[in-house]
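Below you'll find the structure, written out as structure tokens, and then a few comments.
When reading the values below, keep in mind they use all heavy atoms of this one structure, side chains included, and skip hydrogens, waters and symmetry mates. Note that the numbering runs from 1 along the sequence shown for the chain.
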Amino acid sequence: MIDFRYHVVSLAAVFLALALGVLLGTTQLSGAVSDDLRGQVRQLDSDKRDLQAELRSLQGRARSDDTVTAALAPRLVAGALRDAKVVLVATPQAADSTVDGVQQAVEQAGGRVTRRVQLTDDYADPRRAADAKAYVTGGGQPAGFQLPESEDAGVLSGALLAYGLLGGKERDPAPAVTSEVVAGFASLRMLRVDSAQVAPGDLAVVVSSGPVAGEDPAARLRTLGDLVSALDGAGRGAVVAGTPAAAGKDGLVGAVRADSGLASAVSTVDHADRPVGQVAAVFAL
């Protein structure tokens with residue numbers, strides 16, 4: 001008769017052998033996996049160094065291109081905007097350096113920047129729509145301004161601001177009208193200007209440098225798009241100039257391009273932070 005202890009010893013031997021097998025197998029597998037991971041890390045590190053070198057090379061070529069374009073820009077654009085009066089409208093996302101570059105190109109082309117207008121976040125904030133609508137429809141509109149048949153605050157605001165900055169197809173607004181309209185929006189903290197006296201223009205460039213920030217970016221982009229449309233309709237034309245970041249889904253350049261109606265009427269430039277884009281903005285005007 002087989003003793004019970006024999007079964008215990010046999011089972012213990014089986015489990016011990018199984019444990020040793022698992023341990024040995026895991027040790028060998030772990031070594032193979034570790035070697036493979038180390039190899040992948042070495043390859044990724046090599047790829048990273050190659051990409052960094054390629055990036056440095058491309059950045060150097062871009063700087064070289066920018067240097068040449070900046071040197072040739074005055075000759076390239078000379079006379080292209082002779083006697084044109086241009087208003088620069090900067091969105092809240094616009095970098096000063098980009099706006100400065102566009103202004104310099106316009107002036108090299110013979111144009112005159114009548115004023116720079118800096119929109120604030122409040123202009124396109126959906127929570128301020130009621131304030132904007134109340135101001136535009138409050139009965140204090142300048143003579144000659146035709147109130148659009150719309151209940152949309154963005155359409156109404158865009159129409160009035162465009163009239164103040166550019167007037168209309170038939171006539172330019174008086175400087176007093178421009179100052180009055182701009183002062184009204186400034187009192188709502190929806191824009192800023194560098195001078196109380198704002199001269200009207202006949203062309204407009206709307207400058208943006210990145211995606212729209214804040215809650216409900218789609219609504220903000222619609223409001224900015226309404227302003228672009230109004231500026232294009234009020235004067236001799238409008239251009240939207242921005243950076244590659246502004247050409248994305250939540251950027252103004254991207255939003256204009258995605259709107260078939262606006263895209264067919266308004267030119268866009270997506271490298272306005274570089275000399276080549278600034279020259280392109282001049283020719284787009």
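Pairing each heavy atom of Arg257 with each of Ala263, the nearest pair is O-CB, 3.8 Å. Closest approach of Leu188 and Ala132 over heavy atoms only: CD1-CA, 4.5 Å. Nearest heavy-atom pair, Val99 versus Ala94, reported as atom, atom and distance to 0.1 Å: CG2-CB, 4.0 Å. Here the shortest heavy-atom pairing between Leu166 and Ala204 reads CD1-CB, 4.0 Å. For the pair Ala241 and Val253, the tightest heavy-atom approach, listed with the atom from each and the gap, is C-CG2, 4.4 Å. When all heavy atoms of Leu262 and Ser229 are compared, the closest pair comes out as CD2-CB, 3.7 Å.
The distance from atom CG of Leu165 to atom OG1 of Thr114, rounded to the nearest 0.5 Å, is 8.0 Å. From Asp125, atom CG reaches atom CZ of Arg189 across 11.0 Å, with rounding to the nearest 0.5 Å. Distance check, rounded to the nearest 0.5 Å: CG of Leu161 to OH of Tyr123 gives 5.0 Å. Atom CZ of residue Arg222 and atom CG of residue Asp259 lie 11.0 Å apart, to the nearest 0.5 angstrom. Distance CG/Asp100 to CG/Asp273: 12.5 Å, rounded to 0.5 Å. Leu252 contributes atom CG, which lies 13.5 Å from atom CZ of Arg220 (distance to the nearest 0.5 angstrom).
Under a hydrophobic clustering in which Ile, Leu, Val, Met, Phe, Trp and Tyr are joined whenever their side-chain heavy atoms come within less than 4.5 Å, directly or via other members, Leu76 and Val276 fall into different clusters. Clustering ILVMFWY residues whenever any of their side-chain heavy atoms sit less than 4.5 angstrom apart, transitively, puts Val89 in a cluster other than the one holding Val155.
Side-chain contact between Val212 and Pro92 is absent, with no heavy-atom pair separated by less than 4.5 Å. Annotation: side chain of Val87 is not in contact with side chain of Leu231 (no heavy-atom distance under 4.5 Å). Between Phe185 and Ser157, some side-chain heavy-atom pair lies under the 4.5 Å cut-off.
Here the side chain of Ser187 pairs a donor or acceptor atom with the backbone of Gly184 at under 3.5 angstrom. For the pair Gln118 (side chain) and Thr91 (backbone), a donor-acceptor distance under 3.5 Å is present. In this structure a side-chain-to-backbone donor-acceptor pair under 3.5 Å is present from Gln278 to Ala272. Within the 3.5 Å criterion, the main-chain N or O of Ala246 finds no donor-acceptor partner in the side chain of Ser208.
Among residue pairs with one or both ends in residues 143-153, those qualifying as side chain to side chain donor-acceptor pair (under 3.5 Å) are Lys133-Glu151; sequence neighbours excluded.
Ring geometry, Phe145 versus Tyr163: the interplanar angle falls from 30° to 60°, so the pair is classed tilted.
The one candidate from Leu119, Thr243, Asp121, Val207 that meets the side-chain contact (heavy atoms from CB on, under 4.5 Å) condition with Gln93 is Asp121.
The existence of a salt bridge linking Asp202 and Arg112 is excluded, since no basic side-chain nitrogen approaches an acidic carboxylate oxygen closer than 4.0 Å.
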